[in-house]
**Q** 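Please read through the structure below; I'll follow up with questions.
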Amino acid sequence: MKNKKSLLLIGLFLLVVLFFAFDLGRFFNLAFIKSQQAGLQELYAQKPSLVIAAYFAIYVAVTALSLPGAAIMTLAAGAIFGLAVGTVIVSFAASVGATLAFLAARFVLGESVQNKFASRLVEINKGIDKEGAFYLFTLRLVPLVPFFVINLVMGLTKMKTLTYYWVSQLGMLLGTAVYVNAGTQLAKIDSLKGILSPGLIGSFVLLGIFPLIAKKIVDAVKARQVYARWNPVKPVTFDRNMVVIGGGAGGLVSAYIAAAVKAKVTLVEAHKMGGDCLNYGCVPSKALIKSAKLANQMKHGSKYGLADTAAVFSFKTVMQRIHAVVAAIEPHDSVARYTGLGVEVLQGYAKIVNPWTVEIALNDGSTQTLTTRSIVIAAGAQPFVPPLPGIDDVGYVTSDTLWDEFLNLDAIPKRLVVLGGGPIGCELAQSFQRLGAQVTQVEMAPRIMIREDEEVSALAKKSLESDGVQVLTHHKAQRLEAVPSSTTDRGGKPMGGVLVVEHQGQELRIEFDALVCAVGRVARLKGYGLEDIGIPVNRTVTTNDYLETIYPNIFAAGDVAGPFQFTHTAAHQAWYAAVNGLFGDFKKFKVDYSVIPWATFIDPEVARVGLNEQEAKEKGITYELVTYPLDDLDRAIADSETHGFVKVLTVPGKDKILGVTIVGTHAGDLLAEYVLAMKQGLGMNKILGTIHTYPTLSEANKYAAGEWKRAHQPKKLLQWVAKFHTWKRG
């Protein structure tokens with residue numbers, strides 16, 4: 001078998017070498033075809049079978065060997081044989097040649113590739129078995145990649161040869177006809193005036209718009225398949241242009257946009273308007289962080305030339321302030337406000353009955369059914385509670401429930417365990433420690449904030465530990481044990497217990513008065529009909545680049561869609577979901593994730609946009625690095641906030657920004673300049689040339705750009721400049 005493969009490879013290689021050695025490519029250009037057109041047409045008139053056979057054989061050879069010239073030969077078919085005969089000949093010759101290339105790739109490489117990458121190809125092979133024919137048809141109809149690449153790559157899969165042939169035959173037919181038709185028009189050119197003939201112009205216009213037409217056909221075919229079982233119940237008219245499920249950031253922005261463009265839109269929210277961010281996440285946590293930071297500054301007053309003073313406060317009052325902050329912001333996301341903006345807001349639970357119908361169980365006990373052109377799913381996410389043995393026997397809180405649970409406490413829990421070392425866990429651990437709890441943070445990964453660079457994780461850990469948090473990394477939670485406690489949750493369950501963790505093969509016991517689960521959030525995927533209408537989900541609702549589910553009129557945005565769980569990305573996605581849902585028949589927009597910022601609001605803050613070093617190395621992206629330490633910045637020194645740095649990754653030899661990490665006070669605010677620069681294609685030179693107010697923290701961005709400039713000085717030019725100045729001095 002190996003000998004046969006070697007002989008085939010040698011044979012194919014020799015044929016390709018001969019093609020280029022004898023410059024056979026000179027016969028596959030438009031000038032040659034034009035010069036030989038009359039003779040070929042005459043020969044075809046005299047010996048049609050011979051010409052067709054010879055042409056067919058040459059075309060098969062060109063496509064089978066993946067040689068350049070297939071496009072010219074297709075145009076030549078129109079010039080010699082005409083539209084009908086030329087299309088038939090090229091269609092069969094191209095399909096036969098493509099299949100031969102497919103078989104050659106399979107024979108030579110197929111077995112070794114499947115064996116070497118067996119585990120990685122399992123899902124690909126499943127996909128080929130299930131949707132391979134349609135996928136190939138799409139590639140043939142809309143040539144996103146060169147056909148010779150498709151022939152070779154598909155040969156490495158387990159697609160059946162007969163399937164490959166007939167799908168290729170069918171998929172390439174329309175494109176073949178367009179090219180052959182262009183060839184018939186090119187044959188009629190006999191002067192410069194002929195270039196402007198309506199027939200030729202029409203052919204080239206058809207060539208230009210063919211991919212768009214083909215894509216519409218593919219979309220229509222796919223939609224017909226997915227909607228087939230629902231067509232009998234499709235409404236003739238619709239009550240709404242859009243129904244939005246979920247009143248968080250994604251849902252609110254989607255509904256607002258729909259109302260702004262005068263669409264009739266209904267927003268359905270079962271619980272609190274504003275979603276997780278307003279009620280459980282961004283807003284209350286930042287209010288908590290502010291109180292904790294002030295208490296910490298008082299404790300370390302000598303840093304500012306004042307006396308160190310222990311903050312005197314009531315924990316209940318701190319929690320009441322947090323609720324007051326939420327209440328003050330609530331009107332921004334209220335039913336009244338959105339009703340005033342033109343959105344119909346219904347309080348209840350929505351369920352998608354079919355692709356155009358939503359049934360709403362209203363909170364007052366009644367039911368309302370709405371038909372709609374499009375649906376946006378913005379159901380958000382909820383805290384993940386790990387299935388640890390004994391967890392239901394102890395009282396625990398999550399990032400959602402702690403605000404109400406702790407509101408009932410007269411004093412902060414003395415011993416607090418925070419399970420999780422991500423951004424939420426770090427923010428809560430530091431804040432509660434600063435307010436008087438003894439916090440133990442448990443993370444099973446080797447470091448906290450694992451998505452950040454190692455030096456950032458180390459700095460974050462050092463900061464938390466300097467406040468008194470016991471940070472336990474590489475500690476895996478095993479089980480929980482309940483113990484009697486005077487502190488209870490609202491259900492009367494004791495909040496104290498013991499967390500048993502494993503570290504380096506040994507079990508450790510950690511006693512606590514309250515346990516906070518902050519190990520991550522999971523998308524809300526059940527309860528509103530996804531499973532009933534077959535919308536696939538994994539960790540999130542499965543969507544394409546346009547945020548469409550398998551149904552082109554049903555979209556998902558925000559945490560429920562992923563891949564990011566940020567309020568600002570939910571709002572960002574909402575624009576695409578709303579616009580594509582309302583105007584997708586005319587134009588669709590692919591969601592843009594190229595510049596996504598985020599921040600963790602520990603002290604000092606950690607903010608990032610684009611790549612960090614860790615990701616760049618994982619993706620094999622080369623970069624140059626410049627770092628500016630904040631202990632050099634005048635304003636940071638004046639504020640006694642010198643911990644941190646600005647770190648910028650750029651394209652080697654250029655000022656294009658690949659990513660930025662800022663660690664320091666107000667890092668989230670400082671990052672905005674880099675977000676703007678990356679989004680608008682501005683580089684380090686532009687930042688350096690921008691005036692920054694003195695003395696402000698924003699100067700750190702300018703000085704980082706200055707560090708980049710210093711590293712890219714034109715040294716030879718400066719040497720000549722130095723000589724020039726010496727000469728000027730005489």
Side-chain angles (χ1 to χ4, degrees), residues 292 383-402 405-406 411-489 493-522 539 600 602-603 606 614 617-618:
F384 172 70
V385 178
L388 295 171
I391 194 166
D392 291 329
D393 298 326
V394 302
Y396 67 88
V397 294
T398 68
S399 56
D400 279 12
T401 63
L402 72 86
E405 293 289 352
F406 283 9
I412 193 168
K414 292 300 181 185
R415 299 169 301 175
L416 188 68
V417 167
V418 175
L419 200 57
I424 296 173
C426 289
E427 290 180 1
L428 294 176
Q430 186 178 51
S431 294
F432 285 125
Q433 178 73 38
R434 287 178 164 185
L435 289 173
Q438 177 52 60
V439 178
T440 302
Q441 186 177 16
V442 179
E443 169 58 53
M444 68 177 180
R447 54 193 176 92
I448 59 174
M449 295 179 62
I450 195 125
R451 293 180 64 184
E452 305 298 340
D453 287 336
E454 287 191 20
E455 63 182 309
V456 176
S457 292
L459 196 152
K461 183 181 180 183
K462 182 179 179 181
S463 177
L464 266 64
E465 288 178 335
S466 68
D467 283 326
V469 178
Q470 185 180 16
V471 181
L472 303 179
T473 54
H474 260 317
H475 285 66
K476 186 175 182 180
Q478 298 291 319
R479 65 184 183 276
L480 288 134
E481 299 174 1
V483 296
S485 172
S486 59
T487 304
T488 60
D489 62 19
K493 184 183 294 183
M495 294 184 69
V498 175
L499 172 66
V500 181
V501 299
E502 183 271 328
H503 176 64
Q504 295 181 348
Q506 294 185 334
E507 280 193 352
L508 303 174
R509 296 172 63 82
I510 305 170
E511 296 183 358
F512 61 84
D513 297 309
L515 172 69
V516 179
C517 286
V519 294
R521 300 178 68 82
V522 292
R539 296 178 65 182
T600 301
I602 58 173
D603 186 10
V606 177
Q614 178 173 278
K617 290 173 182 176
E618 289 173 354

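Here, residue 1 is the first one in the sequence, and each next residue gets the next number.
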**Q** Check whether any side-chain N or O of S399 sits under 3.5 Å from a backbone N or O of A518 as a donor-acceptor pair, and report yes or no.
**A** no
**Q** Can you tell me which residue pairs pass the ring pair (Phe, Tyr, Trp, His ring centres under 6.0 Å) test with a partner in residues 415-440, sequence neighbours excluded?
**A** F406-F432
**Q** So, D393 and R479, do they make that salt bridge, N to O below 4.0 Å?
**A** no
**Q** Of the non-hydrogen atoms in Q430 and D603, which two are nearest, and what is the gap between them?
**A** OE1-N, 2.8 Å
**Q** With a cut-off of 6.0 Å (strictly less than), are more than 12 heavy atoms of other residues, nucleotides or ligands near CD of E454?
**A** no
**Q** Search all heavy atoms of Q504 against all heavy atoms of E502 and return the closest pair with its distance.
**A** N-OE2, 3.5 Å
**Q** Is there a side-chain contact (heavy atoms from CB on, under 4.5 Å) between D400 and R521 once you walk through the steps?
**A** CA-CA 10 Å; D400 279 12; R521 300 178 68 82; 3.2 Å; yes
**Q** So V606 and M449, side-chain contact (heavy atoms from CB on, under 4.5 Å) or not? Walk me through it.
**A** CA-CA 10 Å; V606 177; M449 295 179 62; 4.0 Å; yes
**Q** Backbone N or O of S463 within a donor-acceptor pair of the S466 side chain at under 3.5 Å?
**A** yes
**Q** When rounded to the nearest 0.5 angstrom, what is the spacing between OG in S457 and CD in Q614?
**A** 7.0 Å
**Q** side-chain contact (heavy atoms from CB on, under 4.5 Å), that's the test. Do Y396 and L499 meet it? Break it down for me.
**A** CA-CA 11 Å; Y396 67 88; L499 172 66; over 6 Å; no
**Q** Which heavy atom of V519 sits nearest to which heavy atom of P386, and what is that distance?
**A** CG2-CD, 3.8 Å
**Q** Under the rule for side chain to side chain donor-acceptor pair (under 3.5 Å), what residues qualify as partners of R451, not counting sequence neighbours?
**A** none
**Q** Which residues pass the side chain to side chain donor-acceptor pair (under 3.5 Å) test with R415, sequence neighbours left out?
**A** E511, D513
**Q** Taking all non-hydrogen atoms of both residues into account, name the closest pair between C517 and I391 and its distance.
**A** SG-CD1, 4.0 Å
**Q** Quick check against the 3.5 Å criterion: does S431 have a side-chain atom that pairs as donor or acceptor with the backbone of E427?
**A** yes
**Q** With a 4.5 Å heavy-atom cut-off, do L388 and L419 have their side chains touching?
**A** yes
**Q** Please check: side-chain N/O of T440 versus main-chain N/O of V417, any donor-acceptor pairing under 3.5 Å?
**A** no
**Q** Any ring pair (Phe, Tyr, Trp, His ring centres under 6.0 Å) pairs touching residues 452-473, not counting sequence neighbours?
**A** none
**Q** Compare all side-chain heavy atoms of E443 with those of I450 and state whether any distance is below 4.5 angstrom.
**A** no
**Q** Okay, side chain of T600, backbone of I602: is any donor-acceptor separation there less than 3.5 Å?
**A** no
**Q** side-chain contact (heavy atoms from CB on, under 4.5 Å) for L472 and L508? Distances and angles first, verdict last.
**A** CA-CA 11 Å; L472 303 179; L508 303 174; 5.7 Å; no
**Q** Please round to the nearest 0.5 Å and tell me the distance separating atom OG1 of T398 and atom CG of L428.
**A** 10.0 Å
**Q** To the nearest 0.5 Å, how far apart are CG in L515 and CG in L402?
**A** 11.5 Å
**Q** When you measure from the side chain of Q441 to the backbone of G420, do you find a donor-acceptor pair of N or O atoms at a distance under 3.5 Å?
**A** yes
**Q** Taking all non-hydrogen atoms of both residues into account, name the closest pair between A437 and L416 and its distance.
**A** CB-CB, 4.3 Å
**Q** Are side-chain heavy atoms of Q433 and Q438 found at a separation under 4.5 Å?
**A** yes
**Q** Look up atom CG in L464 and atom NZ in K462, then write down how far apart they are to the nearest 0.5 Å.
**A** 13.0 Å
**Q** Does H474 offer a backbone N or O that forms a donor-acceptor pair with the side chain of H503 under 3.5 Å?
**A** yes
**Q** Could you name each residue pair satisfying ring pair (Phe, Tyr, Trp, His ring centres under 6.0 Å) that touches residues 438-472, not counting sequence neighbours?
**A** none
**Q** Just jot down the side chain to side chain donor-acceptor pair (under 3.5 Å) partners of T473, sequence neighbours excluded, or say none.
**A** none
